[in-house]
Structure formats: structure tokens, C-alpha cells
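What follows is a single structure, written as C-alpha cells, with notes after it.
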Number of protein chains: 2
Amino acid sequence: MVQSIDRAMSIILVLTSDESKTHWSISEIAEKTSLPISTVHRLISSLMKYGLIQQIPETKQYKLGITWMEIGLRILDKIDMRAVARTVMEQLAADVRESVYLNIPDGHDAIVLERVESSMTVRSIDNLGERIPLHIGAANKTILANMEPREAERTVMALIPDPEQQREFMKQLPAIRENGYAVSYGEKTEGTASIAAPIIGYNQRVVGALSIGVPTYRITEELLATLIDRAKQSAKEISKRIGATP
Amino acid sequence: MVQSIDRAMSIILVLTSDESKTHWSISEIAEKTSLPISTVHRLISSLMKYGLIQQIPETKQYKLGITWMEIGLRILDKIDMRAVARTVMEQLAADVRESVYLNIPDGHDAIVLERVESSMTVRSIDNLGERIPLHIGAANKTILANMEPREAERTVMALIPDPEQQREFMKQLPAIRENGYAVSYGEKTEGTASIAAPIIGYNQRVVGALSIGVPTYRITEELLATLIDRAKQSAKEISKRIGATP
DNA sequence: GAAGTCGTTCCACAATACGGAATAATCGAC
DNA sequence: GTCGATTATTCCGTATTGTGGAACGACTTC
């Protein structure tokens, strides 16, 4: 619609086109965009004004400006994980034909932030907004396992009074962290198993967990392997979309 | 030079103007930019094409698009300081149990590049991507103090109009440079003190500043001494690590 | 159901960006 | 140092492009 913006973006596109190349000359850009040099120059001048493109003084070449990062960081800061997760969760639920949940940590509990039910589901297990202590269920355990260890320890100490049980519980966490998933059988709801994987934010911190709830009687070894795989994959997809840098 | 780009950026600017507000209606944007509604609409349509702006289907309102993050992350990737810094920052935050920030200079401001919050933190103070003038706050002052003196002077002259205040301000810089740290009380945020130390790149140039934010009421002389020590130490650690791999 | 308040589309008009060509700056070979 | 080749930058008459008031449509509110 607006030609200048189309052209400006085609220039930006050229600047992002090659991972290894960091700076470009005007004539290179003109050639790649098939625009006249003078036009490229004028557009770049405008873009420079806003820090979208920067000029390297020594070589007079151009590179992407810092504004992209500046605004990008702001978006990362308040990205709505829920909306992002929803898309992925719906796909997953449709594929595996089971209910899918998204939990986020808050204090010593996790809150059920989102739920997608499969058509197969007889009844939904977790209610939206429900608060579940972090040591209960596969989803919450993956959160604990991926939290800052000291904080995890403090949380467990607050949740489990008996020191012996505390130690016993803490033992499982490293493995969960290592494997990238957790499985639980009927911890929260009788007759329901849960397969969970962590969602990691842009700053490498765990921001939630995705889990699949399955009636225990349906589970076979083969299905379990598939579900683990799919849960990990979907959690990673969400992590990526909310800006985690792998 | 190119009007459309100027106008487009003024729209983007509105969308970034308020930290708390995440989505805007066309008429709000039109009013803020003093542009006709139809013009705003046309520009937004073009910007949407590139994911620079997204529309929320339910409310028909607009928000910043993910392209900013996408391109921003590419640039971030090239700044390997961030990855290096994060490790050190997380350790520091865990140890001192306060929030830790990383600022990098750009023009007359610094940008908040990374933030690690302690579990103790009530609320985060600085937002990622936020731009703060270089004469405000301990972190930015350490940057100024370690910049090339002429450039620092030029920056201060641009930021502070009053010549008397300029001179007054410049006086503190040599001491900051000498001591290797700066402390500020509530310069940027009421009730929050900041302890900062410079990060020096492989070419002996200041590339950023690490700072610890502490509620003023928590500060004692003893704690202050510790935090100064830890800030200097961590900043030096980061400097060393980015110096080793230029 | 009328009156507002949004977002969206339309189109005659002229202001705006266009781009070829001239100029300036830079580099390199001899 | 000079000449030529290759950049980046500026200029300016032209017409293509974006402009914005007004009409329309979709919703909400009273």
C-alpha cells in the first residue's frame, strides 16, 4: 500500500538475509532490492534517523540499528504467553486427542492458565485458575526441577513438612531437569496420568509447563513414548515463540 | 526525508510510549500523532504486512508485532556480551538477593539489555529495552565516566542545558572512573539505590555497566560496601570473559 | 431504533517521493 | 602525484504516489 514502507522493509530484509554478513554497502543493497541507488540512499537516510539502520563510519557501510533490539526487548518483556501457547496447545490436543494444560508458577503453587480439551475427553480434570502446590503432579514438578535450585529447595521445604520426605522428593528433580520431562500417575487426580515438559522463557528461566492428561487405562508403553515426545516438542515450540534463545 | 517513514515511526513511537498499555485503537493513535485517521489506517495496514504491528482480532486494536523481536534477537545474538553477562548476573543476583541489571550505551542514552530479578524483589524497576539518559543513575554515570572524555563532555552538554550544572556534573566523573564504581540514590526510581560498575571491552572501551538495585531502606553501610565489592567483581568478571573472546 | 463511536474504504487532487544525472569523496594502480 | 574506477551523496523537474475529507459499515449504548 505505502510504497516507501514496502521498499524500506525490502532493504531491512536484505540486511537480515545473511546471517554471516553484518554490513552492506549501498550499491549491494540497491542491487539486491533492484532499486535505484539514489532511492536506497534516501530511504536509508530516513531509516537511520530512527536507529533502524546504522552506518559504520569507517567503511561507510550500513547495518541493522539498535532500535530493533530496543523495541524487541520491550515486546519480549510483556509477551502474552497464553495467546502464544494456545495455538500450539490446540494443535497438540487435536493430534494426540487428549486434554492439554498450561501451568504457570506463582509463589509456592502453579496456576492452570490454559486448557484445551480433546473431543475424546470424558471430563475435564483441572479447572482454569486452579492453584496446585508445586510438588503435586508432573507439570508442577517440571517447573520445580527447572527453577533456580535454591528457590526450589526453599519451596519444597515450605510445602513438605517432613525432612525425610523433603530429601526423598528433591532426589527426583535432577533427573526431570536432565530428561526434559516428567510423568506422574494419579498424583492429583485418581486414574489420570500426566506427561509434562517445561517452557523456558527468553532469559532461560522456567515460565511454565505444558502437560497432557491421559486416563491411566489408556496408557501403553508406546503411547507414553509418543506423548513424551510430543509434549517436549510442543513445549519447546512455545518456548521458541516467546523468545527463548536456544 | 521520507514522510511515510517519519509518520510510520511516529506511530511505532506511540505504541512504545506507555509501558503499561499494550494495545491501542486507531483513533487513539491518530490523536496522539495528530494524523488523520485514514492516514493512520493506511500506514498501519502497510506495517501489519511486515509484522511490525499486529491487530488483535477481538478488539480490533493494534499492538507492536513480533518482527521487532525477531530482528532484535538477531542483533542480540551478535552481542555475545549478553550471554556471557547473564551467567555472572544470575550468580550475583542469587548471592546478594537483589535485582541486577545490564545497561549498554547508545547515543546519549543507555538501554537496559538484561535483567535478573531476585526472588526477594517486590517489583522490577527497569524494563527491558528501556532507554535512560546517560546522566541518570549510577549505571549510566559509570558509563559516562569511562567513556572517551571528549565524547562524555559532548554528551553531558547535550543532556544538561545549564552550563553551571554541566560543570557540577562533570566534576563527579573522574572519581567514579578512579574508584571503579558509582552509587546513586533514587535518581531514576524513588526509594531505590543503585550500585554500578563498568564493563570494559577488549579494546579498553566501556561497553556497558552492571548495576544492583536495592530498596533504600535496606541499605546499611556494611551492605553497601559488600554490594560495591560484588558489583565491581562481577563487572570485572564479565569484562574479562568478553576480553578473552574478542 | 436512533444516535453515537468505532474501524474501514473511496477517490479527486496535489504534495510528495522519485530517479537519472551531476557531483563529491575514496581508493588503488602505476 | 595523476588518472581512472568505484564508491557515496546531492540536485531538481516530473508524475507517481500518498493524502485526507467524506461516505460507509459494523457495533455498542441509551
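These numbers were taken from a predicted model, which means no experiment stands behind them. The chains referred to below are lettered A, B, ... by the order of the sequence lines, with proteins before strands, and numbering in each begins at 1.
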OP1 or OP2 of D:dT16 less than 4.0 angstrom from a side-chain nitrogen or oxygen of A:Arg7, does that happen here?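 A:Arg7 to D:dT16 OP1/OP2: no side-chain N or O under 4.0 Å.
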
Check your understanding: Would you say a side-chain N or O of B:Thr39 is under 4.0 Å from OP1 or OP2 of D:dG20?
Key ->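 Yes, B:Thr39 has a side-chain N/O under 4.0 Å of OP1/OP2 on D:dG20.
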
Can you measure [X] atom [atom1] to [N] atom [atom2] for me and round it to whole angstrom units?
X       : N      : atom1 : atom2 : result
B:Asp6  : D:dT19 : CG    : C1'   : 15 Å
A:Leu35 : C:dG20 : CG    : C1'   : 15 Å
A:Glu31 : D:dT7  : CD    : P     : 10 Å
A:Met48 : D:dA8  : CE    : P     : 12 Å
B:Ile44 : D:dT19 : CD1   : P     : 13 Å

Could you check whether A:Arg74 pairs with A:Glu70 (Lys NZ or Arg NE/NH1/NH2 to Asp/Glu carboxylate O, under 4.0 Å)?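 Not counted as a salt bridge, because no side-chain N and carboxylate O are separated by less than 4.0 Å.
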
Checking B:Glu237 now: which residues fulfil side-chain hydrogen bond (donor to acceptor under 3.5 Å, both in side chains) with it, not counting sequence neighbours?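 Partners of B:Glu237 by the side-chain hydrogen bond (donor to acceptor under 3.5 Å, both in side chains) criterion, ordered by chain and then number, come out as B:Arg241.
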
Provide a list of protein-nucleic acid N or O atom pairs under 3.5 angstrom, restricted to nucleotides 5-10 of chain C.
unit_1 : atom_1 : unit_2  : atom_2 : d
C:dG7  : OP1    : B:Ile26 : N      : 2.8
C:dG7  : OP2    : B:Ser27 : N      : 3.2
C:dG7  : OP2    : B:Ser27 : OG     : 2.8
C:dT8  : OP1    : B:Gln55 : NE2    : 3.1
C:dT8  : OP2    : B:His41 : NE2    : 3.2
C:dT8  : OP2    : B:Tyr62 : OH     : 2.4
C:dT8  : O5'    : B:His41 : NE2    : 3.2

B:Thr142 side chain reached by B:Tyr181 side chain, heavy atoms, under 4.5 Å: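 No, too far: nothing below the 4.5 Å cut-off.
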
Practice problem: Kindly determine whether A:Thr33 and A:Arg7 satisfy side-chain contact (heavy atoms from CB on, under 4.5 Å), including the steps that lead there. | Solution: CA-CA 8 Å; A:Thr33 53; A:Arg7 291 178 165 190; over 6 Å; no

Check: Do B:Asn140 side-chain atoms and B:Pro133 backbone N/O form a donor-acceptor pair below 3.5 Å?
Finding: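 The answer is yes, because a donor-acceptor pair under 3.5 Å joins these two groups.
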
- Task: Starting from the C-alpha separation in whole Å, work towards a yes-or-no answer on side-chain contact (heavy atoms from CB on, under 4.5 Å) for A:Ser45 and A:His41.
- Result: CA-CA 6 Å; A:Ser45 300; A:His41 187 265; 3.8 Å; yes

